[in-house]
Amino acid sequence: MSEVKPTYDDEINLFEVFETIWSGKWKIITTTFVAAVIGVGFSVVKPNSFKISVPIQSNQSIFITYTSLNELLMNEGLSYEVDRDSIFEIFVSEFNDYEEIIDALSTSEFVQKSIKDLNDDDKQKALIGFAKSFVLKGPSKEKVNKNNKSMEKVNNTMSFLWHDDLDGVRLLNDAIRQTLLNTKSVLIDHVNNLAEHIDFRNARDLEKLRNDLTLIKQNQINIKKKRIQYLLEQSYIAKELGIETNGLDANALYQSSQNSISLSLNSFDIPFYLRGYKAIDKEIELILSRSDEEQLLAAEGYIQTIEEIASIEEDLSSSQLRDTLETLTNDNPNDWIEFDLAIADVKSQKKPIQYVALSLVLGGVVGMIYVLISYAILKRKERFTKT
């Protein structure tokens, strides 16, 4: 008994597929046309936006005027330096906090209309949302020829997405200018804080040194009193013993030492009153006749302390730092950063050709799928009818 194998009509026949598509070409053309119309309509209705990009970098040559300031900072043992890198770092930090950008956006009529009906919190959130359209990217390296030498130029790119290209360029310019003004204010604050730090440090050190000087003076007074008291006692003993002049035979002591005879005597073993009360009284007279300044000259640490006090009092670092503020105040921060909005790259984000092309492709695909599915359904109905 042989098995009867069922026949299937579901095999794919490419020729039949192409024939089906060709027979339904007007349906495919219609859906493609409708999709194209939708694409054109979408490109017309969709509001346009522009991406404004401009290369931006710090200006190295302008910071030569701050050489003296940098030398002062170096003398103070600080690693901070007013140069291209530090200025650009402050600029980036100020730019990324959005405050200056929000200030610039607040002047835009479009933004004002967009947030006029919002409460304060929502207004702030909306402004931050607008501000996030500003993006600073970099750095990127570009090879340039200068004086027949190949050099690498480091560029950063600032971009901004906005609905109006001219208004966007203006806002970008305002944001950069405002950020530079804040960069200048931050730098002035840094110098002021440093000058105040130096003043505070010097005042603290001076207070300590003056306290040390007071202790030295007081200690010297006590030493003087102690010395006079000792000399008065020794003079009294010498007078009681009738020793008017030096009772020590220096020649005999010298001769004994030459004969290798040790007397086991030193200056501490020999009673001071043996010098005689005349010499002792004269020493007392000399001590009492010295001025306070002359007394202090013999004090340990006095001269060094005086020199340190004079060095701090003559320290002009803080005043010199404040003098540089005049240069900073008069300087134009717009020269610190190089950018030219005249050569800004403005790209429209509206791409009607792409929208229409995509609509044509989608319309054609949808039309072909519709024709093939319709044909498959019709063929299946016919097969069921026959059975």
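Computed from a predicted structure; not experimentally measured.
- Ring centers of Y236 and Y273: at least 6.0 Å apart, outside the cut-off.
- With rounding to the nearest 0.5 angstrom, the CG atom of L232 is 11.0 Å from the CZ atom of R227.
- Aromatic rings of F110 and W162 (six-membered ring for Trp) have centroids within the 6.0 Å cut-off, being under it.
- Contact check for F91 versus I56: side-chain heavy atoms found under the 4.5 Å cut-off.
- Atoms CD1 and OG1, from I337 and T179 in turn, are 10.0 Å apart once rounded to the nearest 0.5 Å.
- You'll find the side chain of D281 reaches within 4.5 Å of the side chain of K239, heavy atoms only.
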Original post:
Between F272 and Y230, is a ring-ring contact (aromatic ring centres under 6.0 Å, His included) present by the stated rule, with each step listed?
Top reply: CA-CA 10 Å; F272 196 83; Y230 175 75; 5.7 Å; yes
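- Summarising the local packing, CD of E300 is surrounded by 12 or fewer heavy atoms from other residues, nucleotides or ligands at distances under 6.0 Å.
- In this structure, the side chain of D164 engages the main chain of D167 through a donor-acceptor pair within 3.5 Å.
- Ion pairing between E283 and R290 fails under the 4.0 Å rule for side-chain N and carboxylate O.
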Original post:
Would L180 and I176 satisfy side-chain contact (heavy atoms from CB on, under 4.5 Å), going step by step from the backbone distance to the final call?
Top reply: CA-CA 6 Å; L180 285 170; I176 294 174; 4.1 Å; yes
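- Linking Ile, Leu, Val, Met, Phe, Trp and Tyr residues whenever their side-chain heavy atoms come within less than 4.5 Å leaves I237 and Y277 in two separate clusters.
- Residues L297 and I221 are members of separate hydrophobic clusters, defined by side-chain heavy-atom contacts under 4.5 angstrom among Ile, Leu, Val, Met, Phe, Trp and Tyr.
- A distance-only check finds a donor-acceptor pair linking the side chain of N96 to the backbone of V92 [under 3.5 Å].
- Partner L362 forms a side chain to side chain contact (heavy atoms under 4.5 Å, CB included) with one of V365, L358, L360 and no other, that one being L358.
- For the pair R177 and F339, the cation does not sit on the ring face, since its NZ or CZ is not both under 6.0 Å from the ring centre and inside 45° of the axis.
- S289 places a side-chain N or O within 3.5 Å of a backbone atom of E285 that can act as its donor or acceptor partner.
- The backbone N or O of T329 lies less than 3.5 Å from a partner atom in the side chain of K184, making a donor-acceptor pair.
- Of the charged side-chain nitrogens involved, at least one lies within less than 4.0 Å of a carboxylate oxygen, so that D174 and R170 count as a salt-bridged pair.
- Distance CG/L172 to CE/M158: 6.5 Å, rounded to 0.5 Å.
- Surrounding CG of N219 are more than 12 heavy atoms belonging to other residues, nucleotides or ligands, all under 6.0 Å away.
- Q112 contributes a side-chain N or O that, together with a main-chain N or O of S106, makes up a donor-acceptor pair within less than 3.5 Å.
- Atom NZ of K278 has 12 or fewer heavy atoms from other residues, nucleotides or ligands within 6.0 Å.
- Grouping the Ile, Leu, Val, Met, Phe, Trp and Tyr side chains by contacts below 4.5 angstrom, directly or via other members, places L118 with F130.
- In this structure, CZ in F160 is found 11.5 Å from OG in S53, a value given to the nearest 0.5 Å.
- Between I369 and I373 the shortest side-chain heavy-atom distance falls below 4.5 Å.
- Going from atom CG of L105 over to atom CD of E100 covers 11.5 Å, rounded to the nearest 0.5 Å.
- Cluster annotation: M368 and V366 are assigned to distinct hydrophobic clusters (Ile/Leu/Val/Met/Phe/Trp/Tyr, side-chain heavy-atom contacts under 4.5 Å, transitive).
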**OP:** Check the pair T107 / L171 against side-chain contact (heavy atoms from CB on, under 4.5 Å), numbers first and verdict last.
**Re:** CA-CA 9 Å; T107 64; L171 288 173; 4.3 Å; yes
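- Comment: E207 does not engage R204 in a salt bridge, judged by the lack of any side-chain N to carboxylate O separation of less than 4.0 angstrom.
- By the 4.5 Å heavy-atom criterion applied to side chains, D205 and F200 are not counted as neighbours.
- For E109, the side-chain contact (heavy atoms from CB on, under 4.5 Å) partners at least two apart in sequence or on another chain are K113.
- The hydrophobic cluster around W26 extends to I29, counting ILVMFWY residues whose side-chain heavy atoms fall within less than 4.5 Å of a member.
- In this structure, CG in N173 is found 12.0 Å from CD1 in I52, a value given to the nearest 0.5 Å.
- Annotation: side chain of L321 is in contact with side chain of I198 (closest heavy-atom distance under 4.5 Å).
- Taken together through direct or relayed side-chain contacts under 4.5 Å among Ile, Leu, Val, Met, Phe, Trp and Tyr, I101 and V135 form parts of separate hydrophobic clusters.
- Considering every non-hydrogen atom in both N119 and D122, the closest pair reads OD1-N, 2.7 Å.
- Salt-bridge annotation for D117 and K123: absent, with no side-chain N of the basic residue lying under 4.0 Å from a carboxylate O of the acidic one.
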**OP:** Show your reasoning for whether salt bridge (Lys or Arg N to Asp or Glu O under 4.0 Å) applies to K282 and E244.
**Re:** CA-CA 12 Å; K282 187 62 178 178; E244 182 178 359; over 6 Å; no
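- Using a 4.5 Å heavy-atom threshold, the side chains of T157 and L136 count as separate.
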Subject >> CA sep, side-chain torsions, deciding dist, call: S359, I38, side-chain contact (heavy atoms from CB on, under 4.5 Å) >> reply: CA-CA 7 Å; S359 299; I38 294 173; 5.6 Å; no
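- Applying the side-chain hydrogen bond (donor to acceptor under 3.5 Å, both in side chains) test to every pair with at least one member in residues 187-197, sequence neighbours left out, gives these pairs: Y80-H190.
- A donor-acceptor pair under 3.5 Å links the side-chain atoms of Q295 to the main chain of I287, judged by distance alone.
- Formation of a donor-acceptor pair under 3.5 Å by the S318 side chain with backbone atoms of A195 is not found in this model.
- Looking only at side-chain heavy atoms (C-beta outward), I102 and Q124 come within less than 4.5 Å of each other.
- At least one side-chain heavy atom of P333 sits under 4.5 Å from a side-chain heavy atom of L181.
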